[in-house]
Amino acid sequence: MDYIGLSEQEIIRREALKELQTLGINAYPAAEYPVNIFSKDILDRFDDNNMPEHLLNVCLAGRIMTRRIMGNASFAELQDNKGRIQLYFRRDDICTGEDKTMYNTVFKRLLDIGDIIGVKGYAFRTQMGEISVHVKEFTVLSKSIHPLPIVKEKDGVIYDAFSDPEQRYRNRSMDLIVNPQVKSAFINRTRLTNSMRSFLNEKGYLEVETPILQPLYGGAAARPFKTHHNTLNQTLYLRIANELYLKRLIVGGFDGVYEFAKDFRNEGMDRFHNPEFTQMELYVAYKDYNWMMNLVEEMVERISIDLHGDTKVQLGEKIIDFKRPWKRYTMYEAIQNFTGIDISNLSENELRQEARNLKVEIDDSMGKGKIIDEIFGAYCEKELIQPTFITDYPIEMSPLAKKHRSVDGLVERFEAICNGKEICNAYSELNDPIDQRERFEQQLVLAKRGDEEAMMLDEDFLKAIEIGMPPTAGLGIGIDRLTMIMTNSASIQDVIFFPQMRPEKKAETFDESVFMELGIEEVWAKILFKAGYTSVKMLKEANPGKLHQILCGWNKKNKLGLQNPTPDQVAVWINS
RNA sequence: GCGCUCGUAACUCAGUUGGUAGAGUACGAAACUUUUAAUUUCGGAGUCGUGAGUUCGAAUCUCACCGGGCGCACCA
């Protein structure tokens, strides 16, 4: 076995693995292990007065998380899918005959924190009062040769938590093992989508799947990821939204469709943005945006109750209350409320002046809608902590939304803002094909001016709504954002299992083959690299005597047990 | 992309005006048959992110680079 580059603890564990093998123990057995209970079930069902029969013969499996060895008796904590339970091992129970190897050697010396074992025994309560399993027999199910971070806890206080975000995100498996609150946030993410899904299914809407690889990207304003299909010899984009496909299904006669969609946007990353993220989009025929607002309130309130049993959710220092009805502002009302300025009757020039007075950064390319949006973003959005609907947006920013039924220049659109961030976006969908074509054409003008996020004209989509799309309400709700709020998470990385990270750069291009080409054995070539000789040039300049010493030192220090090279040999390498 | 900040043992962290790299846990050896952050004794463990520079001497000061976090910009 090649131990170069391993830490002391990793070497010790590999040695333990070898020793298990020489004892005839397969550390990675193939057979099913007949688990009949989880840790939590034992703790829940334990009854001192009336012990359930099945707790007298339990079989469970999991990971060893702590060990307290006291001579011929030991305690360990076993962590399984549902929690932890203390195990009690006694030498003479594990080893009923004369041979005490299973306890003295296998359990005490060759097992480690992190190993996965199965145990059979019975539930009991210790003198200290802790419900435990008295182990009669254990089986090694998987030897861990990589040490886990050690997290200790007493009276609810966590000591030495594994907390470095970089390590946690790069090594999520480890994070999930040692940080139970991380696991619980992800369980809540799934409970959230389950709750939303059953809400929508109960209403009779159909969950569907639409293309992720799209020849034209649309449905939102964002820069896409671009890829290529070889057989078709065609550019394809990863979707930035699925809106245009779901609407085609509405045209096709499905009156309610939804999709939990992974979308991809090639833009900045921060604690609210990951390049791939999840949106739930829903389209319901014959409804409008007022109806959709009611649905969003009802759905999110229900999710909160399903997850927390309450409409109130703790988020950092704040309490968010999802109880219906939520506050509703038109965008103009919101701006008036937070700036004191009524912009509803201003001309573009007057608006521009007000924006300057408010010190909102604007430039000449911005139209009226964009300026209003900038003012809203600067003065209103971050103030909206409790869930709030903002309605009636300027038409320029919303090429897929229907014109407002009574106010010129606006569309029937709303967003829900919560904790200063958008959590959903919805419209009365534009179903007038002539209007829709004109709006796309306006987008093309923007694109020609260099707006990278202007929408493309999607002829197939237009053809579909030309057939006739019923009046429809549409919704996109950010699942990651909503999960952050519902799980009290400060970063999107805490609700996505494997957030995007920059690749770790290797320390150097580790390639010992250049030394092997000089006739140096592979092991020694690797050691040369580890010792800092990373090029043939460095090797050529080395002092043969010193290098010989270094290599022999490595061998001894790391207990590699290799035959040391002779000084002559080393000199030959250097001079070859 | 910009600004601030961080990177030391497997994990969490100290490390003073620049002077032989430390602690707790973990790991190894020993004791201990109901402990629970077990305890007691002893021991080993490090490319101080990487590379240059200043210096007799750098974990420490300077610069560049790599990676992370936070903020800004971008992302309606």
Side-chain angles (χ1 to χ4, degrees), chain A residues 5-13 15-16 65-77 84 86-93 103 108-109 112-114 124-130 132 134 144 146-171 174 178 220-223 240 265-275 277 331 361 366 369-370 372-374 376-377 381 390 393-394 396-399 401 413 415 421-422 425 451-453 490-491 493 501-508 529-532 534 557-559:
Chain A
L6 296 179
S7 71
E8 184 192 31
Q9 295 198 32
E10 287 172 302
I11 293 168
I12 287 163
R13 286 184 179 224
E15 288 296 329
M65 297 307 287
T66 71
R67 295 202 302 163
R68 295 179 282 278
I69 296 174
M70 297 168 307
N72 292 332
S74 296
F75 293 88
E77 270 173 49
R84 284 191 189 190
Q86 179 171 264
L87 305 179
Y88 175 57
F89 291 81
R90 198 162 62 181
R91 187 191 64 190
D92 296 338
D93 290 325
Y103 182 79
K108 273 170 68 175
R109 217 157 55 71
D112 287 291
I113 289 173
F124 78 114
R125 192 186 285 278
T126 65
Q127 281 179 7
M128 299 298 287
E130 178 154 348
S132 308
H134 190 128
S144 165
H146 191 101
L148 287 176
I150 302 299
V151 181
K152 299 240 174 179
E153 183 253 317
K154 189 190 185 184
D155 302 331
V157 184
I158 309 283
Y159 299 84
D160 301 337
F162 178 53
S163 56
D164 177 356
E166 181 172 4
Q167 298 303 326
R168 288 183 41 227
Y169 302 145
R170 288 195 197 281
N171 199 344
M174 206 174 248
V178 303
R223 297 208 304 265
I240 57 172
R265 298 188 184 174
N266 204 342
E267 285 163 350
M269 292 163 60
D270 59 33
R271 71 197 177 89
F272 294 98
H273 297 85
N274 193 62
F277 65 103
M331 184 163 257
E361 275 186 42
M366 291 179 180
K370 183 73 181 162
I372 292 170
D373 191 65
E374 290 290 325
F376 180 78
E381 200 167 14
I390 302 297
Y393 283 63
E396 297 91 331
M397 318 286 304
S398 316
R413 168 177 176 179
E415 291 188 359
K421 290 280 170 193
E422 172 194 341
N425 183 17
D451 185 344
E452 281 186 89
E453 292 173 356
S491 167
Q493 298 170 117
M501 300 282 276
R502 266 207 180 79
E504 279 178 293
K505 193 196 67 164
K506 281 183 193 149
E508 56 230 352
F529 258 96
K530 283 301 289 180
T534 50
K557 186 180 172 194
N558 293 296
K559 300 185 181 116

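This structure is a prediction, so every number in the text was calculated from the model and none was measured. Every chain is numbered from 1, with letters handed out A, B, ... down the list of sequences.
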5' priority, RNA chain B, between Gly129(A) and Pro147(A) [closest heavy atom]: Pro147(A)
Short question: side chain of Arg265(A), backbone of Ile240(A) - any donor-acceptor pair under 3.5 Å? yes
Is the shortest heavy-atom distance from the side chain of Arg84(A) to the side chain of Thr66(A) under 4.5 Å? yes
Which nucleotide, G67(B), A37(B), U33(B), lies nearest any side-chain atom of Lys154(A)? A37(B)
Would you measure the distance from the C1' atom in U41(B) across to the matching atom in C56(B) and give it in whole Å? 42 Å
Closest listed nucleotide, where the reference is the side chain of Ser491(A) and the choices are C70(B), C27(B), C11(B): C70(B)
Could you tell me how far apart Lys108(A) (NZ) and A31(B) (P) are, to the nearest whole angstrom? 7 Å
Do Phe75(A) and the base of A38(B) stack face to face, with centres under 5.5 Å apart and an angle between planes under 30°? no
Distance between the P atoms of C66(B) and A9(B), in whole angstroms? 22 Å
Would one find a side-chain N or O of Arg90(A) under 4.0 angstrom from OP1 or OP2 of U33(B)? no
Between the base of G24(B) and the side chain of Asp160(A), is there a donor and acceptor pair under 3.5 angstrom? yes
Is Gln86(A) touching bases, backbone alone, or none of the nucleic acid, heavy atoms closer than 4.0 Å? base
What is the distance, to the nearest angstrom, from the CD atom on Gln167(A) to the C1' atom on U8(B)? 14 Å
Is it the case that U12(B) (base atoms only) and Ser163(A) (side chain only) share a donor and an acceptor within less than 3.5 Å, ignoring hydrogens and angles? no
Heavy atoms only, 4.0 Å cut-off, all strands: where does Tyr159(A) land among base, sugar-phosphate and nothing? base
Could you tell me whether Phe124(A) contacts a base, only the sugar-phosphate backbone, or nothing, with contacts defined as non-hydrogen atoms closer than 4.0 Å? base
Give the rounded distance in Å between these two atoms: CD1 of Ile69(A) and P of G28(B). 9 Å
Just call it for Met269(A): base, sugar-phosphate, or nothing, with non-hydrogen atoms closer than 4.0 Å on any strand. nothing
I'd like to know if Gln127(A) reaches the base of U35(B) with its side chain, counting only an N/O donor and acceptor under 3.5 Å. no
Residue set satisfying side chain to side chain contact (heavy atoms under 4.5 Å, CB included) with Ser398(A), at least two apart, ordered chain then number -> Tyr393(A), Ala401(A), Val411(A), Arg413(A)
Euclidean distance, atom CD of residue Glu166(A) to atom C1' of A10(B) [Å, nearest integer]: 16 Å
When the C1' atoms of U12(B) and C27(B) are compared, how many Å lie between them, rounded to an integer? 16 Å
Gap between atoms CG and C1', on Asp112(A) and U25(B) respectively (whole Å): 15 Å
Fit a plane to each ring of His134(A) and Tyr88(A), take the angle between them on a 0 to 90° scale, and name the class: parallel (under 30°), tilted (30 to 60°) or perpendicular (over 60°). perpendicular
Looking at Arg67(A) and Ser74(A), would you say the former's side chain and the latter's main chain have a donor-acceptor pair under 3.5 Å? no
Check: Phe272(A) main-chain N/O paired with Asp270(A) side-chain donor or acceptor under 3.5 Å: yes
Nearest listed nucleotide, side chain of Ile12(A), among C32(B), C27(B), G68(B): C27(B)
Can you identify which nucleotide, out of U34(B), G68(B), C75(B), has its nearest atom closest to the Met70(A) side chain? U34(B)
N/O (side chain, Arg68(A)) to phosphate O (OP1/OP2, U35(B)) under 4.0 Å: no
Have a look at Glu153(A) and say if it touches a base, only the backbone sugar-phosphate, or nothing, with a 4.0 Å heavy-atom cut-off. sugar-phosphate
Taking A45(B) as the reference, what is the distance to U40(B) when you measure between their P atoms (whole Å, please)? 23 Å
In whole Å, measure the gap between the P atoms of C6(B) and U17(B) for me. 16 Å
What's the closest nucleotide to the Tyr88(A) side chain, out of C75(B), U35(B), U33(B)? U33(B)
Please work out if Ser7(A) contacts a base, only the sugar-phosphate, or nothing of the nucleic acid, heavy-atom cut-off 4.0 Å. sugar-phosphate
Where the side chain of Gln9(A) is defined as all heavy atoms beyond and including C-beta, which of C27(B), G69(B), U34(B) is the nearest nucleotide? C27(B)
Integer angstrom distance from the P of U5(B) to that of A64(B): 13 Å
Take the protein atom CZ of Arg91(A) and the nucleotide atom P of U34(B), then report the distance between them rounded to whole Å. 13 Å
Take atom CE of Met65(A) and atom P of U35(B), then tell me their distance rounded to the nearest Å. 23 Å
Does a nitrogen or oxygen in the side chain of Gln493(A) sit under 4.0 Å from OP1 or OP2 of G69(B)? yes
Is there a side-chain polar atom (N or O) of Lys152(A) under 4.0 Å from OP1 or OP2 of A37(B)? no
Indicate whether any N or O donor in one side chain lies under 3.5 Å from an N or O acceptor in the other, for Ser491(A) and Gln493(A). yes
Nucleotide nearest Arg223(A) (side chain, heavy atoms from C-beta), chosen from U25(B), C74(B), C27(B): C74(B)
Assign Arg413(A) to base, sugar-phosphate, or nothing according to its heavy-atom contacts below 4.0 angstrom with the strands shown. base
With a non-hydrogen cut-off below 4.0 angstrom, is Asp270(A) in contact with a base, only sugar-phosphate, or nothing? base
Counting only side-chain N and O atoms of Arg265(A), is one of them less than 4.0 Å from OP1 or OP2 of C74(B)? no
Determine the contact category for Arg271(A): base if any of its heavy atoms lies under 4.0 Å from a base atom, sugar-phosphate if only primed atoms, P, OP1 or OP2 are that close, otherwise nothing. sugar-phosphate
Rounded distance in Å between the C1' positions of G51(B) and G7(B): 15 Å
Euclidean distance, atom CZ of residue Phe89(A) to atom C1' of U36(B) [Å, nearest integer]: 15 Å
Using the P atom as the point on both nucleotides, what is the distance between G15(B) and G49(B), in whole Å? 15 Å
